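Taking it in order: structure first as structure tokens, then the write-up.
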Amino acid sequence: MRSTTCSRASGLNRRMVVVARTDPVSSLLEVVTEAARELSGDRSVLPALDPAPRPELGDFSSNAAMLIAKPLGRAPREVAVELADAVSDRLGESLERVEVAGPGFLNLFLADDWYRKAVEELSGDSAPVPAGGESERILVEFVSANPTGPLTAASGRHAAYGDAVARLLVATGHQVSTEYYVNDGGSQVESFAASIAARMNGDEPPENGYRGDYVNQLADRARETGIGPEELERLALEGVAWMVESIQQSLDRFGVQMDDFFSERSLYQDGLVEKGLERLRNAGHTFEEGGALWLRTTEFGDDKDRVLVRSGGEPTYFGADVAYHADKVERGHVRLLDVLGADHHGYVARMDAAIKSLGKEDVAFEARILQMIHLVEGGKRTKMSKRAGDIVTLDELVADIGVDAARFFLLQRSHDSTMDLDLDLARSQSSDNPVYYVQYAHARIQSILRKAADRPGTGNGTSPTLRTPVEPAEKALISLLLAFPAEVHQAAGRRAPHRICAYATETAAAFHAFYRDCQVVDAPGEGTEQARLALCESTAATLRSALGLLGISAPESM
RNA sequence: GCCCCCGUAGCUCAGCUGGAUAGAGCGCCGGCCUUCUAAGCCGGAUGUCGCAGGUUCGAAUCCUGCCGGGGGUACCA
């Protein structure tokens with residue numbers, strides 16, 4: 001299973017759009033920081049510079065004075081006045097004015113000139129790799145749903161989340177691989193095979209068996225392949241293989257880049273379980289008791305020790321999984337990021353302990369717990385049980401509302417918040433879905449750009465001496481575009497793709513406002529049209545990047 | 001019992017490594033298409049940020065306790 005899919009590896013890294021550029025806002029912050037450090041004599045102060053909450057409070061505001069006032073033993077506003085002078089000196093003509101407000105905020109009002117230059121930087125060649133932070137080799141494991149049934153809508157949340165996080169990590173300069181752990185061993189697979197066999201015989205699946213309709217289809221397929229209901233071993237093997245194949249197709253259709261599908265069974269066949277257990281023994285954190293092999297996970301903060309190998313000699317799921325993670329480390333990954341369901345949170349402490357007990361101090365294990373998703377249909381929650389078969393599959397969800405809407409819906413909310421996804425709503429209002437709002441902004445821009453390009457005889461790149469005032473709507477849009485790299489870093493660092501959804505929505509809104517207020521093609525004033533076209537292009541590029549990070553398309557027209 | 005997540009507008013949720021008058025979408029009410037896509041825009045209404053303390057110039061955000069909801073707590077996977 002591994003080798004057949006390895007060819008897909010690293011597609012993710014190659015095709016990613018990278019988002020960082022030189023950043024005029026960072027430059028501003030540097031100026032403020034320097035001034036604050038000089039005034040306070042403290043090199044460690046780290047002021048913030050944020051977009052001002054309201055237009056009358058300027059463009060950006062900083063808390064620098066309030067931070068250094070206390071150590072200086074002076075009144076914040078008094079310090080702020082001095083700081084304002086210093087900042088004003090350093091910024092020169094970029095600054096229109098600076099005001100001290102409230103408890104001691106420094107509010108910067110930037111000159112139109114600053115905005116014009118900022119747009120130029122936006123539309124210039126972008127530097128590919130963002131500043132700060134070192135590049136890590138990260139393995140993101142996600143979905144890893146049991147191969148005994150189709151992916152559910154809940155799996156879809158995992159798929160969308162893991163994929164988006166991977167894209168974010170790539171965009172912030174990391175080397176990322178994505179992996180799906182296939183639990184093709186263990187008792188559930190036997191039960192799965194028995195369920196297929198039962199259907200082949202026209203019987204009901206056994207207690208705790210799988211009752212979904214897809215089991216009937218697998219039974220048909222087994223019959224066609226010439227496998228008899230008594231060949232449970234083959235049914236298990238082939239059944240899982242068919243299921244994995246169909247899962248891969250679902251993920252493909254969903255736009256998820258999975259570099260590898262790692263088979264649990266292959267761990268045994270390749271001797272990796274033995275190898276992994278050996279490493280733990282050598283590291284000296286195991287012990288035997290009651291005929292079983294235990295890992296002393298309590299040494300690393302777990303609340304009880306865990307069994308690796310049962311007294312019967314068979315490794316536990318945990319034992320195999322530890323071996324799997326040891327292999328991840330062996331393959332050179334320094335950060336293991338597991339995306340798990342809420343029902344697995346209890347698992348985190350022990351796996352963390354297991355990784356630590358391997359004694360690799362430069363390796364970090366990190367789990368992200370995705371809270372549950374409830375599908376609401378006809379006003380009531382549907383239970384998501386594979387065994388009972390009353391599931392909404394990812395394929396069905398996608399068929400209902402489309403890949404783009406599904407991904408946006410599933411990514412919109414923080415991973416640690418349980419979410420209700422009302423299927424009726426998602427269906428009936430699919431054209432009101434926020435994703436279309438963002439996509440529409442992109443399509444609108446393309447339409448403007450097409451119109452500008454089609455029109456003969458204007459705009460062949462002469463750099464204008466622009467004297468038209470920069471409109472408020474332009475300023476707002478530019479600020480947002482400038483904030484994008486920082487936003488991507490935040491989202492990546494916090495593993496929080498939902499922030500990109502919010503960012504994209506905000507940016508689209510800012511564009512729609514700009515569209516309302518500012519004529520682009522044939523705009524009056526020397527050079528205004530070109531400046532605005534450049535802004536349109538930057539906006540489109542940013543929206544494309546943002547949507548790309550979410551795995552959502554950016555249409556040319558709608 | 002212990003562990004994790006959540007509690008913010010009628011609903012679904014952002015904001016939480018502390019900042020000024022707490023936001024978005026949906027829903028509700030009212031406006032805007034002889035101008036680059038009305039899948040759009042503008043205006044209006046709705047809040048004890050679960051409760052109580054604490055930390056400080058400042059708390060939805062940090063700390064403690066409590067209440068409520070969900071999930072977990074196997075020699076299952």
Side-chain angles (χ1 to χ4, degrees), chain A residues 48 50 52-54 57 61-63 66-67 69-70 75-77 101-105 107 146 148 183 185-189 191 264 289-294 302-304 306-321 341-349 367 369-372 374 376 409 412-422 425 429-441 443-452 455 490 493-494 496 498-499 501-502 505-506 508-509 511-513 515-523 529 532-533 536 557-558:
Chain A
D50 297 309
R54 290 185 299 283
L57 298 179
S61 73
S62 175
N63 60 353
M66 291 177 290
L67 289 183
K70 178 131 196 176
R77 287 192 62 113
F105 286 104
N107 290 336
N146 284 339
T148 51
N183 301 133
S187 54
Q188 90 250 331
V189 172
S191 161
E264 178 186 2
E289 190 181 297
L293 180 71
W294 297 69
D302 196 7
D303 37 3
K304 53 175 293 195
R306 308 290 172 174
V307 173
L308 292 165
V309 182
R310 282 178 268 249
S311 44
E314 199 190 335
T316 59
Y317 175 84
F318 176 59
D321 206 16
D343 54 340
H344 279 74
H345 100 263
Y347 200 72
V348 175
I369 303 301
L370 282 196
Q371 291 301 319
M372 300 201 308
H374 300 289
V376 179
F409 241 102
Q412 220 178 355
R413 269 80 210 240
S414 162
H415 69 86
D416 50 16
S417 176
T418 53
M419 70 190 254
D420 279 351
L421 202 168
D422 189 330
L425 196 75
Q429 303 196 330
S430 64
S431 65
D432 284 330
N433 194 288
V435 70
Y436 296 110
Y437 181 78
V438 177
Q439 290 182 318
Y440 181 65
R444 242 183 177 180
I445 296 172
Q446 295 311 315
S447 169
I448 293 174
L449 295 177
R450 276 192 298 271
K451 179 165 178 176
R455 190 206 34 205
Q490 283 240 336
R494 299 189 192 192
H498 73 280
R499 288 177 153 265
C501 289
T505 306
E506 253 182 87
F511 175 77
H512 289 308
Y515 177 90
R516 176 196 67 226
D517 293 344
C518 304
Q519 181 73 25
V520 177
V521 177
D522 294 329
E529 176 183 301
R532 288 181 180 170
L533 279 174
C536 283
S557 64
M558 290 176 72

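In what follows, chains are A, B, ... by sequence order, proteins preceding strands, each numbered from 1. Note that the structure is predicted; figures quoted are calculated from it, not measured.
- With rounding to whole Å, A/Leu370 atom CG is found 15 Å from B/C6 atom C1'.
- Panel note: side chain A/Asn63, backbone A/Ala48; a donor-acceptor pair is recorded below 3.5 Å.
- Annotation: the span from A/Arg494 atom CZ to A/Arg499 atom CZ amounts to 4.0 Å, rounded to 0.5 Å.
- At whole-Å resolution of the value, NZ in A/Lys70 and P in B/U55 are 12 Å apart.
- Base engagement by A/Asn107 is indicated by at least one non-hydrogen atom pair under 4.0 Å involving a base atom.
- B/C62 and B/C16 have their P atoms separated by 10 Å, with the value rounded to a whole Å.
- Of the P atoms belonging to B/U21 and B/G40, the separation is 33 Å, rounded to the nearest Å.
- Ring-plane geometry between A/Tyr347 and A/Tyr317 is classed as tilted, the angle between the planes lying from 30 to 60 degrees on a 0 to 90 degree scale.
- Comparing the same atom, P, in B/U64 and in B/C5 gives a spacing of 12 Å after rounding to whole Å.
- Aromatic ring pairs are classed by plane angle as parallel below 30°, tilted from 30° to 60° and perpendicular above 60°; the pair A/Tyr515 and A/Phe511 is tilted.
- Dashed line: the shortest gap from a side-chain N or O of A/Tyr437 to OP1 or OP2 of B/C41 is under 4.0 Å.
- Using a 4.0 Å cut-off between charged nitrogen and carboxylate oxygen, A/Arg306 and A/Asp303 count as a salt-bridge pair.
- Look at CG on A/Asp420: it is 13 Å from P on B/G70, rounded to the nearest Å.
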Base-contact (B) and sugar-phosphate-only (S) positions in nucleotides 14-19 of chain B, heavy-atom cut-off under 4.0 Å, - elsewhere: SSSB-B

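- Of the candidate nucleotides B/C36, B/A20, B/A77, B/A77 has the atom nearest to the side chain of A/Ser187.
- Base orientation of B/C33: syn, the glycosidic angle falling within 90° of 0.
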Stepwise side-chain contact (heavy atoms from CB on, under 4.5 Å) test for A/Met419 and A/Arg413: CA-CA 7 Å; A/Met419 70 190 254; A/Arg413 269 80 210 240; 4.2 Å; yes

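- A/Thr148 and A/Asn146 are not linked by any side-chain donor-acceptor pair at a separation below 3.5 angstrom, with hydrogens and angles left out of the test.
- Along RNA chain B, the nucleotide nearest A/Ser62 and the nucleotide nearest A/Ala443 are compared for position; the residue whose nucleotide lies closer to the 5' end is A/Ser62.
- Of all the heavy atoms in A/Asn433 and A/Phe409, the pair that sits closest is ND2-CE1, 2.7 Å.
- Among the heavy atoms of the strands, none lies under 4.0 Å from A/Ala48.
- Residue A/Ser557 is tested with A/Arg444, A/Gln446, A/Arg450 for a side-chain contact (heavy atoms from CB on, under 4.5 Å); the sole match is A/Arg450.
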side-chain contact (heavy atoms from CB on, under 4.5 Å) between A/His374 and A/Leu421, worked out: CA-CA 6 Å; A/His374 300 289; A/Leu421 202 168; over 6 Å; no

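- A donor-acceptor pair is defined here as one N or O able to donate and one able to accept, closer than 3.5 Å; such a pair exists between the side chain of A/His415 and the backbone of A/Ile369.
- As rounded to the nearest Å, B/C28 and B/G65 have C1' atoms that lie 40 Å from one another.
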Dot-bracket pairing map - RNA chain B, Watson-Crick plus G-U, both contacts under 3.5 Å, | cross-strand: (((((((..((((.....[...)))).(((((.......))))).....(((((..]....))))))))))))....

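- Atom P of B/C4 sits at a distance of 32 Å from the matching atom of B/A22, rounded to the whole Å.
- Checking the phosphate oxygens (OP1, OP2) of B/A38, a side-chain nitrogen or oxygen of A/Tyr515 falls inside 4.0 Å.
- Distance A/Asn183 CG to B/A77 C1': 7 Å, rounded to the nearest Å.
- Here B/A77 presents its C1' atom at 6 Å from OH of A/Tyr317, a figure rounded to the nearest Å.
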Listing time: all N or O pairs from protein to nucleotides 72-75 of chain B that are below 3.5 Å?
{"residue": "B/C75", "atom": "O2", "partner": "A/Ser311", "partner atom": "N", "Å": "2.7"}
{"residue": "B/C75", "atom": "O2", "partner": "A/Ser311", "partner atom": "OG", "Å": "3.0"}
{"residue": "B/C75", "atom": "N3", "partner": "A/Ser311", "partner atom": "OG", "Å": "3.2"}
{"residue": "B/C75", "atom": "N4", "partner": "A/Gly290", "partner atom": "O", "Å": "3.3"}

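- Taking atom C1' in both B/A45 and B/G31, the straight-line distance is 16 Å, to the nearest Å.
- At whole-Å resolution of the value, CG in A/Asn433 and P in B/U12 are 17 Å apart.
- The separation between A/Phe511 atom CZ and B/A39 atom C1' is 14 Å, rounded to whole Å.
- No donor-acceptor distance shorter than 3.5 angstrom exists from the side chain of A/Thr418 to the backbone of A/Met372, with no hydrogens or angles considered.
- No donor-acceptor distance shorter than 3.5 angstrom exists from the side chain of A/Glu529 to the backbone of A/Val521, with no hydrogens or angles considered.
- The gap from the C1' atom of B/C67 to that of B/C26 amounts to 30 Å, rounded to the nearest Å.
- Residue contacts shown for A/Pro434 are absent, as no nucleic acid heavy atom lies under 4.0 Å away.
- Judged by distance alone, with hydrogens and angles left aside, the side-chain atoms of A/Thr316 form a donor-acceptor pair with the main-chain N or O of A/Val307 at under 3.5 Å.
- Residue-level contact check: A/Met558 touches the bases, meaning some heavy atom is under 4.0 Å from a base atom.
- When the C1' atom is compared between B/A39 and B/G44, the two are found 24 Å apart, to the nearest whole Å.
- Distances shown here put a side-chain N or O of A/Arg444 below 4.0 Å from the OP1 or OP2 atom of B/A38.
- A/Cys518 comes within contact range of at least one nucleobase, with a heavy-atom separation under 4.0 Å.
- A straight line from CE of A/Met419 to C1' of B/G7 spans 18 Å, rounded to a whole angstrom.
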